[in-house]
Amino acid sequence: MMNTNTPSLDTEQQKYFNLDMRFHKSTNPVLRGRQKKYLALLLAARHSFVSAITCEAIWQIKRHKVLESLNRIVKEGLLSIAETDRAADGRIYVLTHSGARFASDLMRIDIPFRSAQEPITQVNQNAIMHDSIMSFVLSLGLQNQTKDGIPKPLWDGYLTEPEFKRIHSSSNIKNVDALVQLANGEVAAVELEASYKRKQQHEKTLLKLRDAMLGKNKLYDKVFIVPCSNKINNDTQRFHKQLFEEMPHRYDRKTKQPLLSSDDANKLQEKIIYRTKFIDPIEQTFYR
């Protein structure tokens with residue numbers, strides 16, 4: 001049953017959650033080629049670019065076949081190749097102006113497009129690895145199956161970071177790496193932990209997560225922390241445990257109140273979920 005208390009129902013988020021980003025593999029080769037093309041364009045539109053790595057994981061075909069498919073879309077003038085050392089496999093694909101218009105028609109949502117002489121300048125180059133992993137994780141979650149091959153998606157739809165920023169433009173709101181809508185209608189934030197952080201950074205994050213989940217303007221119901229390695233996962237959980245014990249006993253100088261009440265600390269611990277199932281795929285795909 002749909003949770004009528006979910007924060008997504010009366011926001012612009014729902015139109016993005018409703019976009020079908022699953023790959024429904026057709027037995028008809030012509031239809032299958034069209035499905036690949038449409039999904040590649042949607043991925044590029046929603047994540048700022050599409051990588052062969054994500055397509056290989058979704059389509060479940062060999063890499064040279066993936067490159068052939070993407071290169072056909074390039075020849076149609078809908079994607080451009082951008083070579084970069086910041087990508088795990090040395091290249092990404094970005095939308096052309098025609099590709100952006102095509103993707104807008106598919107989504108029925110206007111896509112901001114910034115033309116550039118060099119395709120690589122259309123994206124935030126410092127975030128290419130991070131954004132590649134997020135695209136990979138969100139897609140794997142949608143394509144998740146049981147051992148018997150029966151579809152069992154971890155979420156039904158998602159909202160990417162660029163989409164989140166367009167909807168929630170206030171500087172007071174903590175940006176998230178993604179939002180996902182679960183089968184019961186709840187909304188979860190997804191936060192990728194790709195590097196080690198100082199304890200103080202974790203503290204700031206926990207306070208912003210409290211505001212987003214326990215404050216007056218509720219943005220989501222829970223948080224999935226996706227660590228990129230076992231060591232980062234252990235480090236993150238260790239700091240979180242320490243902070244949940246310490247913060248109720250430390251006081252804000254201005255308000256004279258605890259940084260985090262014991263009640264909020266308990267609620268936050270219940271709402272933060274560490275999703276470790278992606279660690280091995282991420283390490284094998286991006287860091288081998």
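Looking only at side-chain heavy atoms (C-beta outward), Phe278 and Leu154 come within less than 4.5 Å of each other. The shortest distance between side-chain heavy atoms of Val190 and Tyr220 does not fall below 4.5 Å. Side chains of Gln181 and Gln14 form a contact here, defined as non-hydrogen atoms less than 4.5 Å apart.
With 3.5 Å as the limit, one finds no donor-acceptor pair spanning the side chains of Thr121 and Glu118. Donor-acceptor pairing under 3.5 Å is lacking for the side chains of Glu270 and Asn266. Judged purely by distance below 3.5 Å, without hydrogens or angles, the side chains of Gln284 and Asp280 never pair a donor atom with an acceptor atom. Side chains of His168 and Gln13: a donor on one and an acceptor on the other come within 3.5 Å.
Classification of the Tyr158-His47 ring pair by plane angle, with boundaries at 30° and 60°, yields tilted. His240 and Phe244 have perpendicular rings, their planes meeting at more than 60° on a 0 to 90° scale where under 30° would count as parallel.
For the side-chain contact (heavy atoms from CB on, under 4.5 Å) test with Lys222, the passing option among Leu209, Leu182, Val180 is Leu182; the others fail.
In the displayed structure, Arg166 atom CZ is contacted under 6.0 Å by more than 12 heavy atoms of other residues, nucleotides or ligands. Annotation: Asn217, atom CG; neighbour count of heavy atoms from other residues, nucleotides and ligands within 6.0 Å does not exceed 12. Atom CD of Gln145 has more than 12 neighbouring heavy atoms from other residues, nucleotides or ligands inside a 6.0 Å radius. More than 12 heavy atoms of other residues, nucleotides or ligands shown are found within 6.0 angstrom of NZ on Lys199. Within a 6.0 Å radius of NZ in Lys208, other residues, nucleotides and ligands contribute 12 heavy atoms or fewer.
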Pairs of donor and acceptor atoms involving the side chains of residues 74-88, under 3.5 Å and at least two apart or interchain, shall be tabulated with distances.
unit_1: Glu76; atom_1: OE1; unit_2: Lys37; atom_2: NZ; d: 2.7
unit_1: Thr84; atom_1: OG1; unit_2: Arg86; atom_2: N; d: 3.0
unit_1: Arg86; atom_1: NH1; unit_2: Asn126; atom_2: OD1; d: 3.1

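Under a hydrophobic-cluster definition in which Ile, Leu, Val, Met, Phe, Trp and Tyr are linked whenever side-chain heavy atoms come within less than 4.5 Å, directly or via other members, Leu268 and Phe239 are assigned to different clusters. Placement of Val187 and Val176 within a single hydrophobic cluster is found when ILVMFWY residues are connected by side-chain heavy-atom separations under 4.5 Å, directly or transitively. Residues Met134 and Ile232 fall into different hydrophobic clusters, defined by Ile, Leu, Val, Met, Phe, Trp and Tyr side chains chained together at heavy-atom separations under 4.5 Å.
We find that Asp263 and Lys267 are joined by a salt bridge, their nearest charged nitrogen and carboxylate oxygen being less than 4.0 Å apart.
A cation-pi arrangement is not found for Lys65 relative to Trp59, the charged atom failing to lie both closer than 6.0 Å to the ring centre and inside a 45° cone about the ring normal.
Heavy-atom minimum distance, Gln143 versus Met21: OE1-O, 4.2 Å.
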